[in-house]
Peer 1: 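Got a structure for you, written out below as structure tokens; questions coming shortly.
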Number of protein chains: 2
Amino acid sequence: MSGLQKMNLQDTGALRERCADCTIRHRAICTYCSPHELALLDAIKFYKTFEPGQEIVAAGEETDFLGSVVDGVVALSKTLIDGRRQTVGLMFPSDFVGRAKRPVAPYDAVAVTPVRLCLFTRARFERILRQTPALEKRLLEMTLDELDAARDWMLLLGRKTAREKIATFLAILARRAAALENETPSDGPGFELPLTREAVADYLGLTIETVSRQITGLRKAGVIELADARNIRVPNYLALLDAAGDDADGGMID
Amino acid sequence: MSGLQKMNLQDTGALRERCADCTIRHRAICTYCSPHELALLDAIKFYKTFEPGQEIVAAGEETDFLGSVVDGVVALSKTLIDGRRQTVGLMFPSDFVGRAKRPVAPYDAVAVTPVRLCLFTRARFERILRQTPALEKRLLEMTLDELDAARDWMLLLGRKTAREKIATFLAILARRAAALENETPSDGPGFELPLTREAVADYLGLTIETVSRQITGLRKAGVIELADARNIRVPNYLALLDAAGDDADGGMID
DNA sequence: CGATATTTTGACCCGGCTCAACCCAAGTGG
DNA sequence: CCACTTGGGTTGAGCCGGGTCAAAATATCG
């Protein structure tokens, strides 16, 4: 947490907006909260922004705060002594970062895009959590969702080919992007890949070269179209799903 | 669930034992329950046994019961259309099988040893769950533990070599076995590997041939000793940890 | 004892890693 | 304005860890 903490006032807009108006109000940890409970959270929350690449928490470090992703993407990663790295979770807006009752983080959390978090201090959050079944219920739900996603990812990491890994990941992103705009994954203007090739490789258990080659492969096969390295369109979502090797639609958080 | 349901009375012993005397009383879902709450569970629980290889629930199937592993080991596995299989979790005694609120299972659950489960019907369990914060709290804890274990496994599946995978798995089993008898992982009489080579391969994202070769390799390197294919001793736990490639002790449930 | 799993071992091959070069866009400073 | 750097990204050549295929060796069990 040694980095710059200039709060970037202009693009954050209303730095301290009211919970009731929050974009993630109905998907985040506060989903089931009553107006009264929301007011309690409102009183103790604070926002914090991070630059791309900036570390949010380091593995083994004791964290004194936790909260929700409001904007941006956060990667949770584990590293072996010799530097091999595996990303074990990507956190999108409304996902909850930091674990109740576990003060020390078992992984790094790094901002992969500009990130804005809605945070609580650990002490305050746990006090409210104990008195608020609506929070606890939602926390359990979200944890179960993460567990499901983690297990889907275990199948991907353990058994899928490089091509299938890439296709699966792109299918998830395409579906996500389409869902946010109520479109089908095939027609929209495409979506932005918010990660570098390195971050993708870390997430999929591959190297950057293989990621690059497989993306090129999918492009040459006509399954995806690239405006540039980070902007992808999916002309045929079913073809992409097929390349992903899944039986049905690929599951994941959300 | 087409299989034999003969309850195997002799080796199950007291088929319906009192919760207070249960071997997993202080580790399972009921850990925090008061005597009164325990009595409620006691009234509605029932036991069921499964033979090795017997399917407990099939992926996509709607489950009408859920509960704790009392004896034996259960494997949770996912399968791709072409048959590639990945085990996403091993459930040992005290682990909870079946997810509250998710009626349909996203994976197969198969008994890999003789298994005895302490079960509740879904409807009854969820009713009690809603009225019993002690249960809900423990359920959240256990879910967080499973999530941690799943993420450790993602690192293993995505980034570890075959040798490291085997060493990691054996280290976990050795530590487990030692903990159950208050010994250090290096001195005990060794432990039994409760899985076939195929089940190990499914869990580690390998093939049975590679599993066999790497176990042989570790034996020839003097890191482990084999009485037979299923009985393993660890003369030097640190050497095993070293072969596992972890920085510290390999985490996992428990 | 044959019959059927499970495990081991061997020979070979290939998907994805390694190493290395190159491309391209965006700074940066003279 | 250009020379230089820097951080992504792509492409190529070669290699090797672990998969595949095949067969032998060992349990396990009627």
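In what follows, every chain begins at residue 1, and chains take the letters A, B, ... in the order their sequences are listed. Just so it is clear, the structure is predicted and the values come from calculations on it, not from any experiment.
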Peer 1: Return the value, rounded to whole Å, for the distance between atom CG of Leu218(B) and atom C1' of dT7(C).
Peer 2: 16 Å

Peer 1: Are the side chains of Phe96(B) and Leu66(B) in contact, using a 4.5 Å heavy-atom criterion?
Peer 2: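 Yes. Closest side-chain heavy atoms under 4.5 Å.
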
Peer 1: Roughly, in whole Å, what's the span from CD in Glu198(A) to P in dG8(D)?
Peer 2: 7 Å

Peer 1: Rounded to the Å, how far apart are Arg219(B) CZ and dT7(C) P?
Peer 2: 15 Å

Peer 1: Calculate the interatomic distance between Arg84(A) atom CZ and dT18(C) atom P; express it in whole Å.
Peer 2: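 Roughly 10 Å, once rounded to whole Å.
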
Peer 1: Calculate the interatomic distance between Arg159(B) atom CZ and dT18(C) atom C1'; express it in whole Å.
Peer 2: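 Going from Arg159(B) (CZ) to dT18(C) (C1'), I get 14 Å.
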
Peer 1: Any non-hydrogen side-chain atom of Ile166(B) less than 4.5 Å from a side-chain atom of Ile215(B)?
Peer 2: yes

Peer 1: Check the distance between dC24(C)'s P and Arg230(A)'s CZ and give it to me in whole angstrom.
Peer 2: 18 Å

Peer 1: Of all the choices, dT20(D), dT10(D), dG18(D), which nucleotide is nearest to the side chain of Ala229(A) once you look at every atom?
Peer 2: dT10(D)

Peer 1: Considering every strand and a 4.0 Å limit on heavy-atom distances, what is the contact class for Gly53(A): base, sugar-phosphate, or nothing?
Peer 2: nothing

Peer 1: What's the CD-C1' distance between Gln214(B) and dT8(C), to the nearest Å?
Peer 2: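 Those two atoms, CD and C1', are 13 Å apart.
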
Peer 1: Using 30° and 60° as the class boundaries, would you call the ring planes of Tyr203(B) and Trp153(B) parallel, tilted or perpendicular?
Peer 2: parallel

Peer 1: I want to check one thing: is the phosphate of dC17(C), taken as OP1 and OP2, less than 4.0 Å away from some side-chain N or O of Arg213(A)?
Peer 2: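 Checking dC17(C) against Arg213(A), no side-chain N or O comes under 4.0 Å of OP1 or OP2.
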
Peer 1: Assign Leu206(A) to base, sugar-phosphate, or nothing according to its heavy-atom contacts below 4.0 angstrom with the strands shown.
Peer 2: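 It contacts sugar-phosphate atoms only.
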
Peer 1: Does Arg163(A) reach a base, just sugar-phosphate, or nothing at all? Heavy atoms under 4.0 Å.
Peer 2: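 No contact at all - Arg163(A) keeps every heavy atom at 4.0 Å or more from the nucleic acid.
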
Peer 1: Using a heavy-atom cut-off of 4.0 Å across all strands, would you classify Gly205(A) as base, sugar-phosphate, or nothing?
Peer 2: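 Since only primed, P, OP1 and OP2 atoms lie under 4.0 Å of Gly205(A), the category is sugar-phosphate.
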
Peer 1: Compare side-chain N and O positions of Thr210(A) against OP1 and OP2 of dC17(C) and report whether any pair is under 4.0 Å apart.
Peer 2: yes

Peer 1: Using heavy-atom distances to pick each residue's nearest nucleotide on DNA chain C, tell me which of Glu209(B) and Val211(A) is more 5'.
Peer 2: Glu209(B)

Peer 1: Measure from the side chain of Ile208(B), starting at C-beta and using heavy atoms only, and say which of dG9(D), dT7(C), dT9(C) lies closest.
Peer 2: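 Minimum distance to the Ile208(B) side chain belongs to dT7(C).
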
Peer 1: Below 3.5 Å, does any donor atom in the side chain of Arg197(B) face an acceptor in the base of dT9(C), or the other way round?
Peer 2: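 Flag unset: no donor-acceptor pair detected.
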
Peer 1: From the options dG10(C), dG9(D), dG16(C), select the nucleotide whose nearest atom is closest to the side chain of Thr196(A).
Peer 2: dG9(D)

Peer 1: For the residue pair Arg116(A) and Phe50(A), would you count it as a cation-pi contact if the rule is NZ or CZ under 6.0 angstrom from the ring centre and within 45 degrees of the ring axis?
Peer 2: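 No; the conditions do not both hold, so Arg116(A) does not lie above the ring face of Phe50(A).
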
Peer 1: Taking Asp202(A)'s backbone N and O only, do any of them form a donor-acceptor pair with Gln86(A)'s side chain (distance below 3.5 Å, no angle check)?
Peer 2: yes

Peer 1: Just to confirm, is there a sub-4.0 Å distance from OP1 or OP2 of dC17(C) to any side-chain nitrogen or oxygen of Thr207(A)?
Peer 2: yes

Peer 1: Rounded off to whole Å, could you give me the CG-to-C1' distance for the Asp82(B) and dG19(D) pair?
Peer 2: 14 Å

